[in-house]
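Keep in mind the model is a prediction, meaning the values are calculated, not measured. By convention in this document, chain letters (A, B, ...) are assigned in the order of the sequence lines, proteins followed by strands, and residues within each chain are numbered from 1.
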2 protein chains.
Amino acid sequence: MEGQKLKQTVKERILDTALDLFQQKGYHGVSVDEIVDVAKTSKGGFYHNFKSKDALLYEIHDIFISHVLAETKIACKTHSNPIDQLCAMLYAFTNVFDVYNRHITVFYDESAYLQPDYKANIKQKRTEYRRLIEGVIEEGKQSGHFRSEISTRITTMAIIGMVNWTYKWYWRNGELSMEQITLYFNDMILRGIVTEQGFNESFAKQYIQSKVV
Amino acid sequence: MEGQKLKQTVKERILDTALDLFQQKGYHGVSVDEIVDVAKTSKGGFYHNFKSKDALLYEIHDIFISHVLAETKIACKTHSNPIDQLCAMLYAFTNVFDVYNRHITVFYDESAYLQPDYKANIKQKRTEYRRLIEGVIEEGKQSGHFRSEISTRITTMAIIGMVNWTYKWYWRNGELSMEQITLYFNDMILRGIVTEQGFNESFAKQYIQSKVV
DNA sequence: ATATACAAACCGACTAGTCGGTCAAAAAGC
DNA sequence: GCTTTTTGACCGACTAGTCGGTTTGTATAT
């Protein structure tokens, strides 16, 4: 439906335009004048909908992290073992990725420019997200699915890094889909951390494609 | 020797100060006036040593990527098998990390603000770096050390992502050293991609700590 | 009448970059 | 060896322009 574009409110147009421009040129590479020009509105329209340019940046951050957090929690709750939970969380991120592509770039590259109180708010949600993954890793170590020698912290950051970094190189309409990429990531991550016991669980097979013996 | 600090040239002081400030507040969060103020020099001193603020940003980028590239090439050349090469390359990055910590943050967060011709220059070197890793992965697949089913591209980006992301969470003087982190990374990555044959090679044992059977 | 949703002109603060000038040290002339 | 000349590193007041944000005005809906 192309009608969606015509129905957009001014606020939606501003957000949409800002996302495009921020992703291309960075937060400080785009002026409010340029945003309102491209979004076909005015300074008045902008400041009627947003308290400040900083507030717009914050909103972009918040929309993204809040959505990731919500989806990750659902993924975690709807599965009962660490292997399923971990893979479901990665898939949740994948699904977010295609739609929130622009948000992600802004989120990771421009967060230095957030005002202190905004930044604290975002940081809290990022920490919450990290702890969700740490929790699953820790659980997996205790249940014997993941090797007990691995460091929860390093493993978590390795996974987050691997997954998040895709925003730097992934292109929609490229040769690789996020679905494919996640398939490979799940395989590689699990091989890196599961125990023999974990590997032999029936639900692990769907993620680890083959085992060369 | 603390005398090093007293011997710094104006240009070195500017670079040093800019790195500190850019890392903390981002490129556009710092004015030239602030840089020259902290670096105990002047506008004249600044523009005598740098063509523009953009040129300073470029120099920071170039110093970093050129060094990484050089070290990676050495790591690659001084080993003869893919497993040793890959791990040596990761260690090379590790060693760079402690010294070029500030460069890395600027490199990954502020590259959007590089002027087009500067950006093209940097992009070329990043591509060269990526191809070095892709080459090793590809070689490993052909030699039977790495599983042939893995995607060279995705695996390479997974590794780069995992490693690069450390700049977002690693703190010097923290509980974890870069040495330790790289040890875990090497272990996790190799487990994710080696074949049984590769695993049984004697030189693989030093990276893969243990195998739970 | 009053509130809402925008438009357009406007403002002051700030910024990157310039430019005439200083000064110490090296090079040249004697 | 001593003076003169030249060079280049560096200074800081200044400028032209840009930016985020404000204010005033206006059309519409209730």
Item to complete: Nearest whole angstrom, please: distance from the P of dA16(C) to the CD of Gln115(B).
Response: 13 Å
Discussion item. Expressed as a whole number of angstroms, how long is the span from Lys25(B):NZ to dC14(C):C1'?
Written reply: 14 Å
Worksheet item: Heavy-atom contacts under 4.0 Å between residues 38-54 of chain A and DNA chain D, which residues?
Response: Lys43(A), Tyr47(A), Ser52(A), Lys53(A)
Worksheet item: Is any NZ, NE, NH1 or NH2 atom of the basic residue among Glu59(A) and Lys11(A) found under 4.0 Å from an Asp or Glu carboxylate oxygen of the other?
Response: yes
Fill in: cation_pi(Lys53(B), Tyr27(B)) dist<6.0 Å, angle<=45
yes
Worksheet, complete the sentence: To the nearest angstrom, the CD1-C1' distance between Ile35(A) and dC6(C) comes to 17 Å
Worksheet item: For Ile14(B) and dA9(D), what is the distance between atoms CD1 and P respectively, to the nearest whole Å?
Response: 12 Å
Item to complete: From the options Ile159(A), Leu183(A), Ile160(A), select the one residue that forms a side chain to side chain contact (heavy atoms under 4.5 Å, CB included) with Leu90(A).
Response: Ile159(A)
Response to the item:
note: Leu21(A), atom CG; dG20(D), atom P; distance rounded to Å ~ 12 Å
Item to complete: Send over the distance from Arg13(A) CZ to dA5(C) P, rounded to a whole Å.
Response: 14 Å
Practice prompt. Please report, rounded to the nearest Å, how far the P atom of dG21(D) is from the CG atom of Leu56(A).
Written response: 10 Å
Discussion item. Please compare Lys11(B) and Asp33(B) by the position of their nearest nucleotide in DNA chain D and report the one closer to 5'.
Written reply: Lys11(B)
Discussion item. Tell me whether Glu179(B) at atom CD has more than 12 heavy atoms from other residues, nucleotides or ligands lying less than 6.0 Å away.
Written reply: no
Discussion item. Ignoring hydrogens and geometry beyond distance, is a side-chain donor-acceptor pair present between Asp109(A) and Tyr167(A) at under 3.5 Å?
Written reply: yes
Worksheet item: Which part of the nucleic acid, if any, lies within reach of Val36(A) when heavy atoms closer than 4.0 Å are counted: base, sugar-phosphate only, or nothing?
Response: nothing
Practice prompt. Go through the side-chain N and O atoms of Ser111(B) and Lys119(B) and say whether any donor and acceptor fall under 3.5 Å apart.
Written response: no
